[in-house]
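Right, one structure below, let's go through it.
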There are 2 protein chains.
Amino acid sequence: MMVDRLAALAQPHRLAVFRLLVVAGPDGRLAGDIATDLGLPASSLSFHLAHLRRAGLVRAEARGRERRYAADFAAMRGLVDFLTENCCSGAGCAPASVAA
Amino acid sequence: MMVDRLAALAQPHRLAVFRLLVVAGPDGRLAGDIATDLGLPASSLSFHLAHLRRAGLVRAEARGRERRYAADFAAMRGLVDFLTENCCSGAGCAPASVAA
DNA sequence: TCGATAATTCCAGAATTATGGAAATAGTTC
DNA sequence: GAACTATTTCCATAATTCTGGAATTATCGA
């Protein structure tokens, strides 16, 4: 599950898509706009968006024939929390403001 | 680079190896012990350790014919920081103690 | 209804990654 | 130096993932 989220972000195009959606904020972006911004063929973008969606990192909302994708910040936070708790413990690896 | 770290952790065996090394602390563990603990064939473990090493998440120290692997906590922290800064910004996705 | 548009699904080929036994490398012990 | 141990590298195979054009689905506007 966390492995799926990691795998979803462990691919350059998908990481770029996700970062773009983070910048876009809660309203997200339309699939077509994402494709244009990143210069990805529609079918490739669709493949990667589906991957991110399966991993729970993005949500999709259909409006007419368009589809609006947005980052799921709670899921992302869940991932960061997982990494902090399971991959940082006992060794001062947590962010400075937490460790302090 | 961050993609490499994400990819390194985005595989069940490797995530298990890394978590085991986190629990082990700065002294790390011998390759053979890791293999025994996780029930992995030596060559498979070696493959995954090499992957983690390339990604900079673990360090290896040879002592005689044994090799001791340890988690690189600074690298892990760098990854968590990257995710917090680049994939959480502006939307309250940072850990509670940071957001507060 | 028709033609255009947004997006996904289908598909086949390319590329990458994972697996684990066997061979090789290097250090240890007697 | 011979036997033994720890680990890696080699290799072939299997499995998975990525890519993007073509076909498909669904919606829109005239």
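For clarity, every value in this text was computed on a predicted model and none was experimentally measured. Letters A, B, ... are given to chains in the order of the sequence lines, protein chains preceding strands, and every chain is numbered from 1.
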Between CG on residue A/L21 and CZ on residue A/F73, distance to nearest 0.5 Å: 8.0 Å

Proximal nucleotide (of C/dT9, C/dA18, C/dA4) relative to the A/S43 side chain: C/dT9

Trace of the side-chain contact (heavy atoms from CB on, under 4.5 Å) decision for B/F47 with B/H13: CA-CA 11 Å; B/F47 169 81; B/H13 289 326; over 6 Å; no

CG-CG distance between B/L15 and B/L20, expressed to the nearest 0.5 angstrom: 11.0 Å

Touch class at under 4.0 angstrom, heavy-atom based, for A/L30 against every strand present: sugar-phosphate

Degree of bending, the helix from C/dT1-D/dA30 to C/dC30-D/dG1 (end axes from five pairs; round to 10°): 30°

B/R59 side chain to B/A71 backbone, donor-acceptor under 3.5 Å: yes

Sugar-phosphate only, base, or nothing, as touched by B/A42 at under 4.0 Å among non-hydrogen atoms: base

Along DNA chain D (nearest heavy atom to each residue), the more 5'-positioned of A/E66 and A/F47: A/F47

side-chain contact (heavy atoms from CB on, under 4.5 Å) between B/R29 and B/R68, intermediate numbers included: CA-CA 5 Å; B/R29 302 283 305 275; B/R68 182 170 290 274; 5.6 Å; no

More than 12 heavy atoms of other groups within 6.0 Å of A/R53 CZ: no

Single-linkage hydrophobic cluster B/V23~B/V17, side-chain heavy atoms < 4.5 angstrom: no

Touch class at under 4.0 angstrom, heavy-atom based, for A/R14 against every strand present: sugar-phosphate

Cluster link A/V3 to B/L38, ILVMFWY, side chain under 4.5 Å: yes

Nearest-nucleotide comparison on DNA chain C, the residue closer to the 5′ end among A/R67 and B/P41: A/R67

Terminal contacting nucleotides, 5' and 3', DNA chain D versus chain A (heavy atom, 4.0 Å): D/dC18 to D/dC28

Short side-chain N/O contact from B/H48 to OP1 or OP2 of C/dT17, under 4.0 Å: no

Verdict with reasoning, B/M2 to B/L79, per side-chain contact (heavy atoms from CB on, under 4.5 Å): CA-CA 7 Å; B/M2 287 303 165; B/L79 178 58; 3.9 Å; yes

A/S46 side chain near C/dT8 phosphate (N/O to OP1/OP2, under 4.0 Å): yes

